[in-house]
Amino acid sequence: MLFIDESGSITKSKGRDNRYFIMSIVETENPLDVKRRFRHAKVNYIEHNPSMNYMDYSKEIKGSEMPLKMKKYIYGYLCQNTDVKFHYIVIDNWHLYSRFHNNVELCFNYVLCNYLKKLLKSDSHDSLKIVLDERNCKVASLNSLEDYLKIELCLRENLVQTFQGCGYSDSKDYDLLQVADLLANTVFRATKERSENGGNSILLKSLSANSGNMYFPYKYNSLSFFESDIFLTQ
């Protein structure tokens with residue numbers, strides 16, 4: 001299963017703060033185990049760090065609310081105790097063709113589908129299900145994304161035998177989307193650091209060993225932390 005969250009927007013704005021649109025992708029074959037471990041990691045970190053006791057671990061804690069040390073602990077715990085894999089896509093608004101700016105949903109579907117083709121060729125799946133955060137998704141119609149992926153991944157490329165479809169959920173009710181939010185925030189903050197020595201940049205590099213990432217369009221990539229491009233390393 002894949003769980004997808006976003007940060008930023010696909011826009012024509014040339015403002016420095018609007019350059020990047022992030023898609024974070026959390027991959028697991030055992031979402032219930034990741035859910036249980038994620039909850040345990042939050043509880044354990046907060047209980048052992050009294051300065052964090054203002055956080056209510058029974059509710060959603062956004063990635064933007066977590067200090068860097070907490071993020072690092074949660075990533076480490078999940079990587080050591082579950083099958084989870086972390087992936088991300090960075091879309092560079094400054095260098096998109098106008099046809100993508102003019103149709104945000106087309107851009108989202110096209111980039112995600114091309115990424116998934118490469119991911120599935122390097123790591124085969126008999127079945128695939130995708131869950132997206134309903135609160136900020138750029139997909140106006142799940143049917144359009146679902147049909148597009150069925151045609152490309154199942155019929156044209158024969159990469160998936162059973163496509164179980166795409167679904168929306170609210171991250172406050174879905175722990176795996178909270179993990180995806182954590183990743184999206186980490187990537188977003190790393191783009192703001194503009195240094196490979198920034199805390200979030202270093203954290204992302206530590207996750208790259210089991211990852212395959214994408215920068216689109218790749219030739220304009222200038223992010224110092226970006227590693228493990230799925231089109232170059234797989």
Side-chain angles (χ1 to χ4, degrees), residues 2-27 63-64 71 75 84-123 130 132-133 136-139 145 148-149 152-153 157 159 179-234:
L2 301 179
F3 300 85
I4 300 176
D5 195 21
E6 308 163 12
S7 183
S9 60
I10 299 172
T11 174
K12 293 180 180 179
S13 171
K14 294 298 183 181
R16 182 173 177 176
D17 291 338
N18 296 316
R19 180 170 181 177
Y20 301 111
F21 172 71
I22 311 299
M23 278 188 266
S24 62
I25 303 169
V26 174
E27 177 186 2
S64 58
K71 293 180 185 178
Y75 283 129
V84 71
K85 295 181 181 179
F86 299 102
H87 315 285
Y88 62 87
I89 299 169
V90 178
I91 294 179
D92 187 339
N93 282 310
W94 288 4
H95 296 100
L96 282 182
Y97 292 120
S98 59
R99 61 179 177 270
F100 286 130
H101 283 133
N102 294 333
N103 192 327
V104 171
E105 185 173 15
L106 173 67
C107 180
F108 185 100
N109 292 356
Y110 175 82
V111 173
L112 179 60
C113 183
N114 276 276
Y115 175 84
L116 291 178
K117 285 179 183 179
K118 191 65 175 179
L119 180 68
L120 294 170
K121 285 177 181 178
S122 64
D123 185 12
I130 297 174
L132 305 101
D133 188 350
N136 59 348
C137 191
K138 300 299 178 291
V139 180
L145 175 61
Y148 186 62
L149 293 179
E152 294 296 324
L153 303 181
E157 300 288 342
L159 295 172
V179 179
D181 169 77
L182 173 61
L183 179 60
N185 178 261
T186 305
V187 179
F188 177 77
R189 287 181 180 262
T191 65
K192 301 300 182 184
E193 291 171 344
R194 304 188 184 282
S195 169
E196 61 183 353
N197 296 316
N200 289 280
S201 297
I202 293 172
L203 190 50
L204 284 175
K205 286 188 174 184
S206 73
L207 299 176
S208 292
N210 72 348
S211 181
N213 307 310
M214 178 181 182
Y215 190 101
F216 182 83
Y218 177 77
K219 66 180 180 178
Y220 298 106
N221 176 29
S222 60
L223 295 173
S224 59
F225 66 83
F226 184 88
E227 292 184 347
S228 299
D229 186 276
I230 198 166
F231 287 92
L232 300 179
T233 61
Q234 300 289 336

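The structure displayed is predicted, hence computed values, not measured ones.
A distance-only check finds a donor-acceptor pair linking the side chain of S24 to the backbone of A180 [under 3.5 Å]. A donor-acceptor pair is defined here as one N or O able to donate and one able to accept, closer than 3.5 Å; such a pair exists between the side chain of N93 and the backbone of N18. The backbone N or O of T11 sits nowhere less than 3.5 Å from a side-chain atom of S9 that would complete a donor-acceptor pair. With K14 contributing its side chain and W94 its backbone, the two residues share a donor-acceptor pair below 3.5 Å. Side chain of H87 to backbone of M214: no donor-acceptor contact under 3.5 angstrom is found. Formation of a donor-acceptor pair under 3.5 Å by the Y115 side chain with backbone atoms of G212 is found in this model.
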### Task
Would you please test L120 and E157 for side chain to side chain contact (heavy atoms under 4.5 Å, CB included) and show each step?
CA-CA 10 Å; L120 294 170; E157 300 288 342; over 6 Å; no
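Counting heavy atoms from C-beta outward, V104 and F21 have side chains that stay 4.5 Å or more apart. Within the 4.5 Å cutoff, side-chain heavy atoms of I4 are placed close to those of L112. Residues L159 and E152 form no side-chain contact, since every pair of their non-hydrogen atoms from C-beta on lies 4.5 Å or further apart. At a threshold of 4.5 Å between non-hydrogen side-chain atoms, the residues K71 and N185 count as touching. Between F86 and N213 the shortest side-chain heavy-atom distance does not fall below 4.5 Å. Between E6 and D133, every side-chain heavy-atom pair lies at or beyond the 4.5 Å cut-off. For the pair L96 and F216, the minimum side-chain heavy-atom distance is below 4.5 Å. Between I130 and L116 there is a side-chain heavy-atom pair separated by less than 4.5 Å.
Ring-plane geometry between F226 and Y218 is classed as tilted, the angle between the planes lying from 30 to 60 degrees on a 0 to 90 degree scale. The aromatic rings of Y20 and Y215 lie perpendicular to each other, with more than 60° between the two planes, well past the 30° mark.
Remark: the R99 side chain and the N103 side chain contain no N/O donor-acceptor pair separated by less than 3.5 Å. Side chains of T186 and Y75: a donor on one and an acceptor on the other come within 3.5 Å. Side chains of K192 and N200: a donor-acceptor N/O pair is absent below 3.5 angstrom, by distance only.
Remark: K205 NZ to E227 CD distance equals 5.0 Å, nearest 0.5 Å.
Here the two rings, on F100 and Y110, have centers that are under 6.0 Å apart.
Here the options are V187, L183, D181, I22, the test is side chain to side chain contact (heavy atoms under 4.5 Å, CB included), and the partner is S7; only I22 passes.
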